[in-house]
Amino acid sequence: MRRLVAYTEEAARALWTNRTRSVLTMLGMIIGTSSIIAVFGMSAGATTGIAATLSSFGTNPVAIRVDTTQDYPQYAQFRYRDAKRVEADLGGLVTRVAPFYFRNWQVRRGNEQHVVAIVTGGDNDGSKIPMREGRPLNPFDNDTAARVCVLTDDVARTFFGDAPAVGKDIIINGSRYTVVGVFPKLNGSLINSVAGSNTVGIPYSTLHRTDASAPDDLEVYPADPMQADRVGELATSVLQHIHGPHAKYTVVNGAAMIANVEQTLRVIGFGLSAIGAVSLLVAGIGIMNIMLVSVVERTREIGIRKSIGASRTDIALQFLMESLLLSLAGGGAGMLVGLLATAGGAQLISNALGTVIIPYVLVVCIALAFSTAIGVAFGMYPALRAASMDPIKALRS
C-alpha cells in the first residue's frame, strides 16, 4: 500500500510539472464524461417521470374503439348495454367493463358559464392522485346514477375561486350536479395534457340517462395485466357476436403503450450515451498518446531507475498510475459538469412531467467506472512499453 501511495504522489508531481499538457489532455475526458452523464441522467429521469405520471392515474384499461376505416362503422357502434354483456361473457378475466364518454358541454354556476370537457368515471381503479377536497367518484355513484361530479383544480377555481367547492351545485348541460370532490393542481404540462386541466367527471350511468348517444369507447380492466392482449381479443369477439362478424374494432392496450414509451426512451438514452462514448474513446487515445510522449521524454529516467533496482512492475505501475490519475481527474471534472447539466435538465423535464427522479448514485458510479476503465485500458500500452525498455539502451539515449 505504501508503494502504491508513493507511486500516486510521484505521478501527481509528474502531471503537475506538465500541467498545461495534462489539462489539455483531460479536456476529452471532461467532454465525454459530462455528455454521457447528462444524456443518461436526463433520459433515465424522463423515463421514470413518464412512468410515474401515467401510473399515478391508476390501472390502465384496454380501450376498445370502433374502427372508423371500415365500410359501415355505424353497424359496429357501441350500445350502452354492451359493457354489461362483455363483462358477463369475460367473467373472471376482467374486474369491470365500463362505457366511456367524452363530451364538451356547457357548465354554469350563477352568471359564470363555460364550455368544459365532460368525461365519465365512477370506479376507484387505483388512482394514486390524492384529492384536494372531498372524494373521487365511486361504484355507488354509477349504480344509483347519482347527479354528482368531480372537478379539476382549474374548473373549481373558475367557478368557486378559493372557496370550498364540495357540497355546492353546478349546472351541467342544463342539469344540476353536486360537487363531491376536487382534484389537486397537477404539476407538469404532460400530466395536464393527459389528464386534462379543464375537466369535469360524472358517472357514466348518469350521462347515459341525459344523453342516449353511443359511448365513445369501452374500457376493459383485465384482472391480470399480463393477459391484457388476450382480454382485448376476447372482448372484440364478444362485440362481433353482438354486432355481427363484419364489425371491426381497434384495441389499445394502455399498459403496453406505456411500456413501449419507456422502452423507446431507454433505447434513445443508450443510443445517445453510446455516441457520447465515442468522445471517451478519443480521449483515451489522447491519454495514450501523451503517455507515449512521456515515456520517450523520460527514457533516461527509466534507465536510471532500472539500473538501481526498479523492477518492470515498478516502472509499469508508475506510468499506469499517471494515466489513471489523468483519466480520473478528467472524469471527475466531467462528472461535476455532467451533474450540473443533469440538474438543470431535470428542472426543465419536471416542468413537463412533474416530479422526476434522477439516479444520481448510478450516474456517479458510471462516471467512475468509465474513467477507471479508460485510464487502465489506454495507459496499459505506454506502461508496458516503458517497463520493457533495456536499461543500458535507455541510459545511452
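Treat the numbers as computed from the prediction; the structure is a model and nothing was measured.
Tracing side-chain contacts under 4.5 Å through hydrophobic residues (I, L, V, M, F, W, Y), one reaches Met131 starting from Val148; they form part of the same cluster. In the hydrophobic cluster analysis, where Ile, Leu, Val, Met, Phe, Trp and Tyr join through side-chain heavy atoms closer than 4.5 angstrom, Ile36 is grouped apart from Ile31. In terms of hydrophobic clustering, with Ile, Leu, Val, Met, Phe, Trp and Tyr side chains grouped at heavy-atom distances under 4.5 Å, Leu207 and Val107 are assigned to a common cluster. At a threshold of 4.5 Å between side-chain heavy atoms, the hydrophobic network of Ile, Leu, Val, Met, Phe, Trp and Tyr places Leu325 and Phe378 in one connected group. Criterion: ILVMFWY side-chain heavy atoms under 4.5 Å apart, direct or through other members. Under it, Phe319 and Met288 are part of a common hydrophobic cluster.
No donor-acceptor contact under 3.5 angstrom links the side chains of Gln77 and Tyr75, judged on distance only. A donor-acceptor pair shorter than 3.5 Å cannot be found between the side chains of Asp154 and Thr152. Inspection of the Arg79 and His243 side chains reveals an N or O donor paired with an N or O acceptor under 3.5 Å.
The side chain to side chain contact (heavy atoms under 4.5 Å, CB included) test with Asp141 singles out one residue from Pro203, Cys149, Ser205, and that residue is Pro203. Results of the side chain to side chain contact (heavy atoms under 4.5 Å, CB included) test with Val97 over Ile64, Val238, Val62, Val220 single out Val220 as the only residue that passes.
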task: For Ile202 and Val200, run side chain to side chain contact (heavy atoms under 4.5 Å, CB included): C-alpha distance rounded to whole Å, both residues' side-chain angles, the deciding distance at 0.1 Å, then the answer.
output: CA-CA 7 Å; Ile202 65 175; Val200 174; 4.2 Å; yes
message: Evaluate Lys168 against Phe160 for side chain to side chain contact (heavy atoms under 4.5 Å, CB included), listing each step before the verdict.
response: CA-CA 9 Å; Lys168 298 178 182 178; Phe160 301 98; 3.6 Å; yes
message: Run Tyr204 and Phe100 through side chain to side chain contact (heavy atoms under 4.5 Å, CB included) and show every step you take.
response: CA-CA 7 Å; Tyr204 57 78; Phe100 177 80; over 6 Å; no
- prompt: Could you walk me through whether Glu219 and Tyr221 pass the side chain to side chain donor-acceptor pair (under 3.5 Å) check?
  reply: CA-CA 6 Å; Glu219 293 187 337; Tyr221 290 81; 3.2 Å; yes
task: Go through the steps to decide whether Leu292 and Tyr381 satisfy the test side chain to side chain contact (heavy atoms under 4.5 Å, CB included), and finish with yes or no.
output: CA-CA 8 Å; Leu292 287 173; Tyr381 174 67; 3.7 Å; yes
- request: Run the numbers on Arg103 and Thr120 for side chain to side chain donor-acceptor pair (under 3.5 Å), then give the verdict.
  value: CA-CA 9 Å; Arg103 300 288 185 269; Thr120 56; over 6 Å; no
field: CA sep, side-chain torsions, deciding dist, call: Tyr101, Phe78, ring pair (Phe, Tyr, Trp, His ring centres under 6.0 Å)
entry: CA-CA 11 Å; Tyr101 296 83; Phe78 296 120; over 10 Å; no
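Across every non-hydrogen atom of Gly375 and Ser323, the tightest pair is O-OG, 2.8 Å. For Val66 against Pro73, the heavy-atom pair with the smallest separation is CG1-O, 3.8 Å. The minimum heavy-atom distance between Ala341 and Ala38, with the atom names listed, is CB-CB, 4.0 Å. When every heavy atom of Glu322 is checked against every heavy atom of Ser294, the shortest pair comes out as OE1-OG, 4.1 Å. Heavy-atom minimum distance, Val295 versus Pro382: CG2-O, 3.6 Å. The two residues Met29 and Ile287 make their nearest non-hydrogen contact at CG-CD1, 3.9 Å.
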Side-chain donor-acceptor pairs under 3.5 Å in residues 170-183, sequence neighbours left out?
residue: Thr178; atom: OG1; partner: Asp169; partner atom: OD1; Å: 2.9

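Atom CZ of Arg135 is surrounded by more than 12 heavy atoms from other residues, nucleotides or ligands within 6.0 Å. Atom NE2 of His246 has 12 or fewer neighbouring heavy atoms from other residues, nucleotides or ligands inside a 6.0 Å radius. Remark: Arg81 CZ is loosely packed, at most 12 non-hydrogen atoms of other residues, nucleotides or ligands lying under 6.0 Å away.
In terms of modelled atom types and a separation under 3.5 Å, the side chain of Gln70 and the main chain of Asp67 share a donor-acceptor contact. Between the side chain of Ser35 and the main chain of Gly32, a donor-acceptor pair closer than 3.5 Å is present.
How far CG of Asp153 is from CD of Glu133: 9.0 Å, rounded to the nearest 0.5 Å. Atom CG of residue Leu218 and atom OG1 of residue Thr236 lie 9.5 Å apart, to the nearest 0.5 angstrom. Rounded to the nearest 0.5 angstrom, Ile315 CD1 and Leu384 CG are separated by 12.5 Å. Remark: Thr313 OG1 to Gln318 CD distance equals 13.0 Å, nearest 0.5 Å. Met335 contributes atom CE, which lies 6.0 Å from atom CG of Leu339 (distance to the nearest 0.5 angstrom). Between the CD1 atom of Ile118 and the CH2 atom of Trp105 there is a distance of 7.0 Å, given to the nearest 0.5 Å.
Ring geometry, Tyr80 versus His208: the interplanar angle falls under 30°, so the pair is classed parallel (tilted spans 30 to 60°).
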